[in-house]
Amino acid sequence: MEFNTDTTTIKDFLQSNKFSIPRYQREYSWEKKQLEDFYLDIVSNIGKNEEVFKNQDYFFGTVILVGEMKKHDVSIEIIDGQQRITTITIFLSVLSDMLFEYDQKLSNLLWRYVISEDDNGEKYNVMENETAYPYFQKKVQTRNLQEAPQLVQDEYLLTDLNEISELEKKLTVEGQNIKRAYDFFKSKLEDENLSAEIFKDSEISRLEKLKIVRDQLLGSTFIYIISKNVEDVNKIFENINSKGLRLSSVDLIKNEIFSVQNKTVPMDVAKQLWAETKGYIANNGKNISFQKFYRYFWLSRYTNSSEKDLYKKFKDKIKPEQYEEFLKEMKNSANVFSNVINPDEDYFRESSRGNGVSKEDLAEFIRALDAIQNVLNIEQIRILLITLVEKYKKGKIRFKNLKKIIVFLEEFHFIYNGILTGRTNTLVPKYGSTAREIYSTDDASEINEKLMNLKNDFIELVKDNSPKFNEKFCRLSYSSKSAKKGQQKENSLTKYAVYKYEELLSKSENATFNREAATIEHILPESTKLVNDKVNNIGNLFILERKINHDCEAKELTDKIALYRNSTYKTVQDFLVKYSNNNEDFIDQRALEMAGTMYSMITNSWMN
């Protein structure tokens, strides 16, 4: 391998060089903690002797580059270090605008590290960031000098605040991170003492403080490793990360795919496929990481793998000539993944068979998906869901069968995880192997067989667990007033159980369950003082129509009974028959009865 290495200051590094961030690099992702550390590294390394401030050496680490230094007509690609250099550029942009108020010449000189000029007077961006276009260019690489003299307005491209406002209404995740960094540094530098302990009680001017911070940053150093050969640099990059794993597996995979772009994957195709994939994940509104999606996608298609082995498994399994097809598959799965996490009724209403789905069946399916992911918090099921939904959209699974397995999994996870508190991670291998088996066939009978095998294996995990289920179910509680840690999660599970109980009783009598009107009712008022906070126990809860619940407010149980008789809900009617004359003694008995009924009704339905 041929490469050069040297130590440089940030000032020398940015002078007379033009840098670019390759499209395969991870997007800007620094959060507040990293920004705090960066700024503290700058200001805490400023020395002081009485009132004399002195800049001190500080090392910012290593960057890896492809190209030649001091050739601003050709960009140098940043292979590793783009997060730091992007942050430095944002900081210099904010600092330059801050200096303008006090000294326009110093401000303009500092701006050269953001936007420079070649020998012909042509301006160029010192750092090109293609992934963040156009927000980075409009926000960071224009001058935010709204009251600048006309001469300055003619010389520099100024920030268009109206355009920025429109862009900020629909920022990508990377755009949000850039905005956060910009606003963070602006807030720090607007402080009279630049948010730096060393400047407190100092009599020097604000301009001098800004100059000291400027010099500390520009005088800081790092080591760069550079080669003209991209393959050599990628080997260095991969080797460094194999020892330190500074980057995620997805970053390394992205680096691998795009590093062979000219040989196997057309540049624009690869860029578009990756961007569309990330777009599907970003638009689901549930803050799911791309890294997590990728692992679930991989497990659903290829092999079982831990997080740290994903890159190695990718290299072993996917050949360079397959990269483009791999990106297409990943994009399609990301679309499915987005609709699994944030299910849209229109998406599931029809499959490629053209078979419509009834409103009631669709509503039950969407509720089950929501309960699994947002009440029971089971993410690992998405490994299987990616494959199942893809098969459904291709017409290989009927909606009836899709709904049936999802409802089963909802009820299984309620028992296994919600009540018995089983470990979900132990299910990942089974979810993965089933997903891969289903992915490999389009035969409907084979698919149903694989699903039946999964169902039977999961049933075995909760079989004959009625005593343990009863014991733990009877501890469920719901409080609308408690601020106790973990109560919100407990409330969510208990509310689910109460609604599920009504659903089961209604189904057993072929009755319709009106969810829209339902609210949680404490049978004995929540203000009742009982031992061990028993008033919030599930045995003291049922659902009640909103209007009746309102009429019952602040009433004692004896006064509520007449109002309860107006309810159409089966759980209320069941209570009136069995417990309305028991005053305060019904809670434990009713909780145990609910537990037994739910366990038997759910598990018996699995046998049908």
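These values consider heavy atoms only, across backbone and side chains, with no hydrogens, waters or symmetry-generated copies. Note that the coordinates shown come from a computational prediction; the quantities given were computed from them, not determined experimentally. Residue numbers start at 1 and run along the sequence shown.
- Taking the six-membered ring for Trp and the full ring otherwise, the centers of F314 and Y323 sit less than 6.0 Å from each other.
- Note on residues 190-223: pairs passing ring-ring contact (aromatic ring centres under 6.0 Å, His included), not counting sequence neighbours, are F13-F222, F53-F199.
- Here the NZ-CG distance, from K211 to L95, works out to 12.0 Å after rounding to the nearest 0.5 Å.
- With respect to the salt-bridge test (charged N to carboxylate O, under 4.0 angstrom), the residues K33 and E36 do not qualify.
- Between the side chains of T87 and Y28, a donor-acceptor pair is found at a separation under 3.5 Å.
- Taking the six-membered ring for Trp and thresholds of 30 and 60 degrees, F290 and W274 have ring planes inclined between 30 and 60 degrees apart.
- Side-chain atoms of I76 and K18, non-hydrogen and from C-beta on, never get closer than 4.5 Å to each other.
- Contact of the N125 side chain with the F19 side chain is not registered, since no non-hydrogen atoms from C-beta on lie closer than 4.5 Å.
- A search for salt bridge (Lys or Arg N to Asp or Glu O under 4.0 Å) contacts involving D442 returns K391, not counting sequence neighbours.
- Using a 4.5 Å heavy-atom threshold, the side chains of I21 and E128 count as separate.
- N177 and E31 share no donor-acceptor pair across their side chains, judged by distance under 3.5 Å alone.
- For the salt bridge (charged side-chain N to carboxylate O under 4.0 Å, His left out) test with D183, the passing option among K186, R180, K179 is K179; the others fail.
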Intermediate values then yes/no, side chain to side chain donor-acceptor pair (under 3.5 Å), K209 and N193: CA-CA 8 Å; K209 295 172 185 175; N193 292 311; 2.9 Å; yes

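- The closest donor-acceptor contact from the side chain of T86 to the backbone of Q82 lies under 3.5 Å.
- The residues E117 and R112 are annotated as not salt-bridged, no charged nitrogen and carboxylate oxygen being separated by less than 4.0 angstrom.
- In summary, E27 and K278 engage in a salt bridge, as defined by a charged side-chain N under 4.0 Å from a carboxylate O.
- Across L194, I42, I204, a single residue satisfies side-chain contact (heavy atoms from CB on, under 4.5 Å) together with I212, and that is I204.
- A donor-acceptor pair is defined here as one N or O able to donate and one able to accept, closer than 3.5 Å; such a pair exists between the side chain of D103 and the backbone of L106.
- With hydrogens and angles disregarded, no donor-acceptor distance shorter than 3.5 Å links the side chain of S202 to the backbone of I198.
- Y113 does not carry K11 over the face of its six-membered ring by the limits of under 6.0 Å from the centre and within 45° of the normal.
- Proximity of T221 to T8: side-chain heavy atoms (C-beta onward) are nowhere separated by under 4.5 Å.
- Salt bridge annotation for R301-E390: present, with a cationic side-chain nitrogen under 4.0 angstrom from a carboxylate oxygen.
- Side-chain atoms of W298 and T303 include a donor-acceptor pair closer than 3.5 Å.
- Taking the ring axis of Y280 as reference, the NZ or CZ atom of K331 does not stay both within 45° of it and closer than 6.0 Å to the ring centre.
- With hydrogens and angles disregarded, a donor-acceptor distance shorter than 3.5 Å links the side chain of S333 to the backbone of E329.
- Taking the side chain as every heavy atom from C-beta outward, T62 and D80 never approach each other to under 4.5 Å.
- Q83 places a side-chain heavy atom less than 4.5 Å from the side chain of S29.
- One distance of note links CD of Q137 with OG1 of T142; it measures 10.0 Å at 0.5 Å rounding.
- Side-chain contact between N17 and V126 is absent, with no heavy-atom pair separated by less than 4.5 Å.
- Side-chain N/O atoms of R214 and N55 include no donor and acceptor closer than 3.5 Å.
- Applying the side-chain contact (heavy atoms from CB on, under 4.5 Å) rule to Q56 yields no partners; only residues at least two apart in sequence or on another chain are considered.
- Between the side chains of N162 and S165, not a single donor N or O lies within less than 3.5 Å of an accepting N or O.
- Taken from NE2 in H413 to CG in L427, the straight-line distance is 6.0 Å, to the nearest 0.5 Å.
- For the atom pair K139 NZ and L167 CG, the distance stands at 10.0 Å (nearest 0.5 Å).
- Side-chain atoms of R436 come within 3.5 Å of backbone N or O of L299 as a donor-acceptor pair.
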Side chain to side chain contact (heavy atoms under 4.5 Å, CB included) between T441 and E437, worked out: CA-CA 7 Å; T441 181; E437 289 171 352; over 6 Å; no

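- Looking at I341 and Q373, their side chains come closer than 4.5 Å, going by heavy atoms from C-beta outward.
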Side chain to side chain contact (heavy atoms under 4.5 Å, CB included) between Y124 and S116, worked out: CA-CA 6 Å; Y124 64 88; S116 192; 3.6 Å; yes

Derivation of the side chain to side chain donor-acceptor pair (under 3.5 Å) call for Y58 and D41: CA-CA 8 Å; Y58 181 74; D41 286 342; 2.9 Å; yes

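- In terms of the ring pair (Phe, Tyr, Trp, His ring centres under 6.0 Å) criterion, Y439 has no residue partners (sequence neighbours excluded).
- Residues passing the salt bridge (Lys or Arg N to Asp or Glu O under 4.0 Å) test with E325, sequence neighbours excluded: none.
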F91 and Y182: CA distance, side-chain angles, deciding distance, ring pair (Phe, Tyr, Trp, His ring centres under 6.0 Å) verdict: CA-CA 7 Å; F91 182 79; Y182 188 97; over 10 Å; no

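- A cation-pi arrangement, defined by a distance under 6.0 Å to the six-membered ring centre and an angle within 45 degrees of its axis, is present between K393 and Y347.
- Of the possible polar contacts, none joining the S93 side chain to the T89 backbone as a donor-acceptor pair under 3.5 Å is found.
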Ring pair (Phe, Tyr, Trp, His ring centres under 6.0 Å) between F184 and F38, intermediate numbers included: CA-CA 11 Å; F184 173 86; F38 175 88; 9.0 Å; no

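- Aromatic ring pairs are classed by plane angle as parallel below 30°, tilted from 30° to 60° and perpendicular above 60°; the pair F337 and Y296 is tilted.
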Salt bridge (Lys or Arg N to Asp or Glu O under 4.0 Å) between D316 and K312, worked out: CA-CA 6 Å; D316 291 343; K312 181 179 183 300; 3.2 Å; yes

Side chain to side chain contact (heavy atoms under 4.5 Å, CB included) evaluation trace for I318 with I257: CA-CA 10 Å; I318 311 299; I257 291 175; over 6 Å; no

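- Counting only distance, with no hydrogens or angles, the side chain of D309 and the backbone of S305 share no donor-acceptor pair below 3.5 Å.
- Residues satisfying the salt bridge (Lys or Arg N to Asp or Glu O under 4.0 Å) criterion with E174, sequence neighbours excluded, are absent altogether.
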T159/R143 under side chain to side chain donor-acceptor pair (under 3.5 Å): CA gap, chis, key distance, verdict: CA-CA 6 Å; T159 305; R143 307 206 67 179; over 6 Å; no

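- In this structure, the side chain of S107 engages the main chain of S96 through a donor-acceptor pair within 3.5 Å.
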Pair R206-Y102, side chain to side chain donor-acceptor pair (under 3.5 Å): steps then yes or no: CA-CA 9 Å; R206 181 171 166 76; Y102 304 98; 2.6 Å; yes

